[in-house]
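Keep in mind that what you see is a predicted model, and the values were worked out from it rather than measured.
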Amino acid sequence: MKVAFPIAAEPEADLAEAARLLFAGPVDFVKGVVAMDGLPPADRPEVCFAGRSNVGKSSLINALTGRKGIARASNTPGRTQEINYFALGEQAYLVDLPGYGFAKAPVAVVAKWQALLKNYLAGRPTLRRAFCLIDARHGVKDVDHEIMKLLDRSAVPFQVVLTKTDKLGPNAIKPVIAQVEEALQKHPAAYPELVVTSSEKGQGIATLRAIIAGLD
(Lines give C-alpha, C1' and ligand atoms only; values in the text may rest on other atoms or scores of the structure.)
Protein backbone atom coordinates (compact mmCIF):
# COMPACT_ATOMS: atom_id res chain seq x y z
CA MET A 1 0.00 0.00 0.00
CA LYS A 2 1.38 3.39 -0.98
CA VAL A 3 2.01 5.82 1.85
CA ALA A 4 0.73 9.35 1.31
CA PHE A 5 2.95 12.33 2.10
CA PRO A 6 0.67 15.39 2.29
CA ILE A 7 2.00 18.92 2.65
CA ALA A 8 2.05 20.05 6.29
CA ALA A 9 -0.72 22.52 7.02
CA GLU A 10 -0.11 25.91 8.56
CA PRO A 11 -0.39 25.76 12.35
CA GLU A 12 -3.28 27.10 14.38
CA ALA A 13 -2.74 30.65 15.58
CA ASP A 14 -1.98 29.75 19.22
CA LEU A 15 0.57 27.08 18.28
CA ALA A 16 2.16 29.37 15.71
CA GLU A 17 2.54 32.11 18.32
CA ALA A 18 4.00 29.74 20.93
CA ALA A 19 6.51 28.49 18.35
CA ARG A 20 7.35 32.03 17.28
CA LEU A 21 8.07 33.00 20.88
CA LEU A 22 10.30 29.95 21.33
CA PHE A 23 12.43 30.89 18.32
CA ALA A 24 12.32 34.61 19.19
CA GLY A 25 13.94 33.86 22.55
CA PRO A 26 17.63 33.27 23.13
CA VAL A 27 19.36 31.31 20.37
CA ASP A 28 23.04 30.64 20.88
CA PHE A 29 25.75 28.73 19.09
CA VAL A 30 26.95 26.15 21.63
CA LYS A 31 29.82 24.33 19.95
CA GLY A 32 31.06 22.48 16.92
CA VAL A 33 31.55 18.80 17.66
CA VAL A 34 34.22 16.67 15.98
CA ALA A 35 33.97 13.55 18.18
CA MET A 36 31.22 11.79 20.14
CA ASP A 37 32.80 12.66 23.48
CA GLY A 38 32.40 16.32 22.58
CA LEU A 39 28.59 16.21 22.40
CA PRO A 40 26.74 18.41 24.91
CA PRO A 41 24.87 16.63 27.72
CA ALA A 42 21.71 14.92 26.46
CA ASP A 43 19.55 17.00 28.79
CA ARG A 44 16.90 18.34 26.41
CA PRO A 45 15.11 17.39 23.18
CA GLU A 46 16.96 18.04 19.94
CA VAL A 47 16.27 17.97 16.23
CA CYS A 48 18.86 17.75 13.49
CA PHE A 49 19.06 19.02 9.94
CA ALA A 50 20.68 16.93 7.23
CA GLY A 51 21.06 17.69 3.53
CA ARG A 52 23.27 17.78 0.51
CA SER A 53 25.84 20.50 0.38
CA ASN A 54 24.34 23.72 -0.96
CA VAL A 55 20.77 22.62 -0.19
CA GLY A 56 20.18 25.77 1.88
CA LYS A 57 20.58 24.32 5.36
CA SER A 58 22.26 27.36 6.91
CA SER A 59 19.72 29.69 5.30
CA LEU A 60 16.85 27.61 6.72
CA ILE A 61 18.28 27.65 10.25
CA ASN A 62 18.81 31.40 9.98
CA ALA A 63 15.22 31.85 8.79
CA LEU A 64 13.83 29.70 11.62
CA THR A 65 15.71 31.66 14.25
CA GLY A 66 15.20 35.04 12.59
CA ARG A 67 18.92 35.69 12.82
CA LYS A 68 20.83 36.21 9.62
CA GLY A 69 24.22 34.96 10.76
CA ILE A 70 23.55 32.32 13.42
CA ALA A 71 24.40 29.53 10.95
CA ARG A 72 27.16 30.45 8.54
CA ALA A 73 26.80 29.44 4.92
CA SER A 74 30.15 28.35 3.56
CA ASN A 75 31.41 29.68 0.25
CA THR A 76 32.78 26.20 -0.36
CA PRO A 77 29.91 23.70 -0.15
CA GLY A 78 30.81 20.64 1.87
CA ARG A 79 33.57 22.33 3.85
CA THR A 80 31.83 22.16 7.22
CA GLN A 81 32.89 18.94 8.91
CA GLU A 82 31.49 19.49 12.39
CA ILE A 83 28.17 18.79 14.05
CA ASN A 84 27.10 22.29 15.06
CA TYR A 85 24.87 22.74 18.11
CA PHE A 86 22.54 25.70 18.66
CA ALA A 87 20.50 26.15 21.85
CA LEU A 88 16.94 27.45 21.91
CA GLY A 89 17.30 28.88 25.39
CA GLU A 90 17.20 25.88 27.70
CA GLN A 91 14.32 24.26 25.81
CA ALA A 92 15.92 22.39 22.91
CA TYR A 93 18.90 22.00 20.62
CA LEU A 94 18.98 22.59 16.88
CA VAL A 95 21.72 20.45 15.35
CA ASP A 96 23.30 21.29 12.01
CA LEU A 97 24.85 18.15 10.51
CA PRO A 98 27.69 18.26 7.97
CA GLY A 99 26.56 18.62 4.37
CA TYR A 100 27.07 15.54 2.25
CA GLY A 101 27.72 14.75 -1.39
CA PHE A 102 30.15 17.53 -2.28
CA ALA A 103 32.90 17.43 0.31
CA LYS A 104 36.15 18.95 -0.93
CA ALA A 105 38.25 17.32 1.73
CA PRO A 106 40.79 14.46 1.93
CA VAL A 107 39.27 10.99 1.87
CA ALA A 108 40.42 10.25 5.42
CA VAL A 109 38.77 13.43 6.72
CA VAL A 110 35.51 12.65 4.93
CA ALA A 111 35.53 9.10 6.34
CA LYS A 112 36.08 10.45 9.85
CA TRP A 113 33.11 12.79 9.86
CA GLN A 114 30.90 10.27 8.11
CA ALA A 115 31.65 7.87 10.95
CA LEU A 116 30.85 10.63 13.45
CA LEU A 117 27.53 11.22 11.70
CA LYS A 118 26.61 7.52 11.87
CA ASN A 119 27.53 7.30 15.54
CA TYR A 120 25.55 10.44 16.35
CA LEU A 121 22.39 9.25 14.61
CA ALA A 122 22.58 5.79 16.14
CA GLY A 123 23.37 6.86 19.68
CA ARG A 124 21.73 10.17 20.61
CA PRO A 125 18.82 9.36 22.96
CA THR A 126 17.32 12.87 22.96
CA LEU A 127 17.11 13.15 19.15
CA ARG A 128 13.41 13.53 18.41
CA ARG A 129 13.44 13.96 14.63
CA ALA A 130 15.76 14.53 11.72
CA PHE A 131 14.78 16.96 9.00
CA CYS A 132 16.11 15.83 5.66
CA LEU A 133 16.42 18.83 3.36
CA ILE A 134 15.77 18.33 -0.34
CA ASP A 135 16.33 21.05 -2.95
CA ALA A 136 12.96 21.50 -4.66
CA ARG A 137 14.71 22.12 -7.97
CA HIS A 138 16.26 18.66 -7.99
CA GLY A 139 14.17 16.27 -5.89
CA VAL A 140 15.58 13.19 -4.16
CA LYS A 141 18.94 12.01 -5.52
CA ASP A 142 20.95 8.85 -4.89
CA VAL A 143 23.06 10.56 -2.24
CA ASP A 144 19.87 11.52 -0.38
CA HIS A 145 18.79 7.89 -0.34
CA GLU A 146 22.08 7.05 1.39
CA ILE A 147 21.41 9.39 4.33
CA MET A 148 17.79 8.20 4.45
CA LYS A 149 18.95 4.57 4.63
CA LEU A 150 21.22 5.53 7.52
CA LEU A 151 18.25 7.12 9.29
CA ASP A 152 16.17 3.99 8.61
CA ARG A 153 18.86 1.75 10.12
CA SER A 154 19.25 4.08 13.09
CA ALA A 155 15.46 4.09 13.66
CA VAL A 156 15.47 7.89 13.61
CA PRO A 157 12.21 9.30 12.25
CA PHE A 158 12.90 11.87 9.57
CA GLN A 159 10.76 14.42 7.80
CA VAL A 160 11.53 15.81 4.37
CA VAL A 161 11.73 19.58 4.04
CA LEU A 162 11.73 20.94 0.51
CA THR A 163 13.92 24.03 0.22
CA LYS A 164 14.26 26.84 -2.31
CA THR A 165 10.68 26.46 -3.53
CA ASP A 166 10.65 30.15 -4.51
CA LYS A 167 12.87 29.12 -7.43
CA LEU A 168 9.95 27.15 -8.92
CA GLY A 169 6.58 28.15 -10.28
CA PRO A 170 3.39 26.86 -8.58
CA ASN A 171 2.95 24.11 -11.17
CA ALA A 172 6.61 23.13 -11.45
CA ILE A 173 6.72 21.89 -7.87
CA LYS A 174 3.96 19.31 -8.38
CA PRO A 175 6.11 16.72 -10.21
CA VAL A 176 8.88 17.26 -7.64
CA ILE A 177 6.49 16.47 -4.80
CA ALA A 178 5.34 13.37 -6.68
CA GLN A 179 8.97 12.26 -7.16
CA VAL A 180 9.74 12.80 -3.47
CA GLU A 181 6.63 10.92 -2.41
CA GLU A 182 7.60 7.98 -4.63
CA ALA A 183 11.19 8.00 -3.34
CA LEU A 184 10.04 7.94 0.29
CA GLN A 185 8.10 4.71 -0.20
CA LYS A 186 11.43 2.93 0.26
CA HIS A 187 12.10 4.42 3.68
CA PRO A 188 10.23 3.15 6.74
CA ALA A 189 11.59 5.94 8.98
CA ALA A 190 10.07 8.68 6.80
CA TYR A 191 7.44 10.73 8.62
CA PRO A 192 4.34 10.90 6.39
CA GLU A 193 4.22 14.64 5.85
CA LEU A 194 6.27 17.08 3.78
CA VAL A 195 7.21 20.65 4.65
CA VAL A 196 7.50 23.10 1.75
CA THR A 197 9.76 26.05 2.48
CA SER A 198 11.49 29.09 1.08
CA SER A 199 14.00 30.72 3.40
CA GLU A 200 14.07 33.77 1.16
CA LYS A 201 10.29 34.30 1.06
CA GLY A 202 9.47 32.89 4.49
CA GLN A 203 7.20 30.17 3.12
CA GLY A 204 6.72 27.26 5.51
CA ILE A 205 8.89 28.75 8.26
CA ALA A 206 6.03 29.14 10.76
CA THR A 207 4.92 25.60 9.97
CA LEU A 208 8.37 24.13 10.59
CA ARG A 209 8.77 26.12 13.79
CA ALA A 210 5.47 24.74 15.06
CA ILE A 211 6.46 21.17 14.19
CA ILE A 212 9.72 21.55 16.11
CA ALA A 213 8.02 23.23 19.08
CA GLY A 214 5.51 20.38 19.23
CA LEU A 215 8.15 17.66 19.61
CA ASP A 216 8.63 16.71 23.26
Worksheet item: Considering residues, nucleotides and ligands other than Lys31, do more than 12 of their heavy atoms fall under 6.0 Å from its NZ?
Response: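 Count over threshold, so yes.
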Would you call [X] and [Y] a side-chain contact if the rule is heavy atoms closer than 4.5 Å?
X      : Y      : answer
Val195 : Val160 : no
Asp144 : Ile134 : yes
Leu39  : Tyr85  : yes
Met148 : Leu184 : yes
Thr163 : Ser199 : no
Phe23  : Leu94  : yes

Worksheet item: Is it true that Glu46 and Arg124 have a side-chain N and a carboxylate O under 4.0 angstrom from each other?
Response: yes
Fill in: Check ion pair Glu200-Lys167 (N to O, under 4.0 angstrom)
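Answer for the salt bridge query: yes.
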Worksheet item: Which residues satisfy the ring-ring contact (aromatic ring centres under 6.0 Å, His included) test with His145, sequence neighbours excluded?
Response: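 Partners of His145 by the ring-ring contact (aromatic ring centres under 6.0 Å, His included) criterion, ordered by chain and then number, come out as His187.
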Worksheet item: Short question: side chain of Thr197, backbone of Leu162 - any donor-acceptor pair under 3.5 Å?
Response: yes
Worksheet item: With a cut-off of under 6.0 Å to the ring centre and 45° to the axis, is Arg129 in cation-pi contact with Phe158?
Response: no
